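Numbering of residues begins at 1 and proceeds along the displayed sequence. Please read all numbers here as calculations on a predicted model, not as lab measurements. Atom set for the values below is all heavy atoms of this structure, side chains included, hydrogens, waters and symmetry mates excluded.
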Amino acid sequence: MAFRPLHDRVLVRRLEEDEKTAGGIIIPDTAKEKPQQGEVVAVGSGARGDDNEIVPLDVKSGDKILFGKWSGSEVKIDGEDLLIMKESDILGIID
């Protein structure tokens with residue numbers, strides 16, 4: 001993929017959630033909520049601080065993250081649905 005986010009933006013691939021409940025009930029696509037977990041695909045170089053120095057991002061490619069329900073902008077790159085969001089939209093990194 002030939003895409004690199006700018007500044008403090010992050011490119012994220014949503015992680016699909018299970019299609020069954022714990023009781024074994026299959027959830028149809030129309031009833032599913034969009035997952036709020038994702039994997040970082042690419043990161044920008046960082047934001048500029050008050051002293052005009054670039055502050056690197058805390059996340060890196062490959063990190064599994066948790067983000068807000070309405071975070072980011074949906075884009076299609078190379079036929080894949082991805083999200084572009086600012087690092088501040090990321091709630092945390094999942095270990």
Side-chain angles (χ1 to χ4, degrees):
M1 176 179 309
F3 180 82
R4 183 176 55 92
L6 297 176
H7 309 295
D8 64 339
R9 289 184 177 79
V10 179
L11 186 66
V12 176
R13 176 183 300 119
R14 285 187 195 267
L15 295 178
E16 295 300 320
E17 294 186 4
D18 293 336
E19 296 183 10
K20 285 186 179 181
T21 64
I25 298 171
I26 297 174
I27 303 169
D29 288 338
T30 55
K32 287 184 189 175
E33 287 191 23
K34 290 186 178 180
Q36 292 176 265
Q37 293 183 13
E39 179 182 0
V40 176
V41 176
V43 297
S45 58
R48 291 216 179 258
D50 294 333
D51 58 356
N52 210 21
E53 293 291 319
I54 293 181
V55 179
L57 302 181
D58 289 331
V59 295
K60 62 186 180 306
S61 293
D63 282 348
K64 294 200 181 344
I65 60 166
L66 185 68
F67 52 88
K69 189 173 235 175
W70 307 108
S71 298
S73 299
E74 294 183 357
V75 295
K76 189 170 247 180
I77 300 175
D78 293 339
E80 185 176 11
D81 292 325
L82 301 168
L83 289 170
I84 296 176
M85 65 182 68
K86 288 188 166 261
E87 185 186 36
S88 60
D89 292 337
I90 297 173
L91 304 175
I93 299 172
I94 301 170
D95 290 329

Asks: Please evaluate residues Asp81 and Arg14 with respect to the criterion side-chain contact (heavy atoms from CB on, under 4.5 Å), reporting the C-alpha separation (whole Å), side-chain torsions for both, the decisive distance (0.1 Å), and the verdict.
Replies: CA-CA 8 Å; Asp81 292 325; Arg14 285 187 195 267; over 6 Å; no
Asks: Mark yes or no for whether Ser61, through its side chain, and Val40, through its backbone, hold a donor-acceptor pair below 3.5 Å.
Replies: no
Asks: Roughly how far, to the nearest 0.5 Å, is the CZ atom of Arg4 from the OG atom of Ser45?
Replies: 6.5 Å
Asks: Distance check, rounded to the nearest 0.5 Å: Leu83 atom CG versus Phe67 atom CZ?
Replies: 5.0 Å
Asks: Between Asp89 and Lys86 (salt bridge meaning N to carboxylate O under 4.0 Å), is one present in this structure?
Replies: no
Asks: Nearest 0.5 Å please: distance from the NZ atom of Lys69 over to the CG atom of Leu91.
Replies: 12.5 Å
Asks: Please check: side-chain N/O of Asp51 versus main-chain N/O of Glu53, any donor-acceptor pairing under 3.5 Å?
Replies: yes
Asks: Set out, in order, the CA-CA distance, both residues' side-chain angles and the distance that settles side-chain contact (heavy atoms from CB on, under 4.5 Å) for Met85 and Ile90, then state yes or no.
Replies: CA-CA 8 Å; Met85 65 182 68; Ile90 297 173; 3.9 Å; yes
Asks: Is Ile93 linked to Leu66 within one hydrophobic cluster, defined over Ile, Leu, Val, Met, Phe, Trp and Tyr using a side-chain heavy-atom separation of less than 4.5 Å?
Replies: no
Asks: Taking atom CG of Leu57 and atom CG of Asp63, what is their separation to the nearest 0.5 Å?
Replies: 10.5 Å
Asks: Which atom pair, heavy atoms only, marks the closest approach of Ile84 to Arg9?
Replies: CG2-CD, 4.1 Å
Asks: Return the minimal non-hydrogen interatomic distance between Leu11 and Pro5, and the atom names on each side.
Replies: N-CG, 3.9 Å
Asks: Calculate, to the nearest 0.5 Å, the distance between atoms CG and CD belonging to Leu15 and Gln36 respectively.
Replies: 12.0 Å
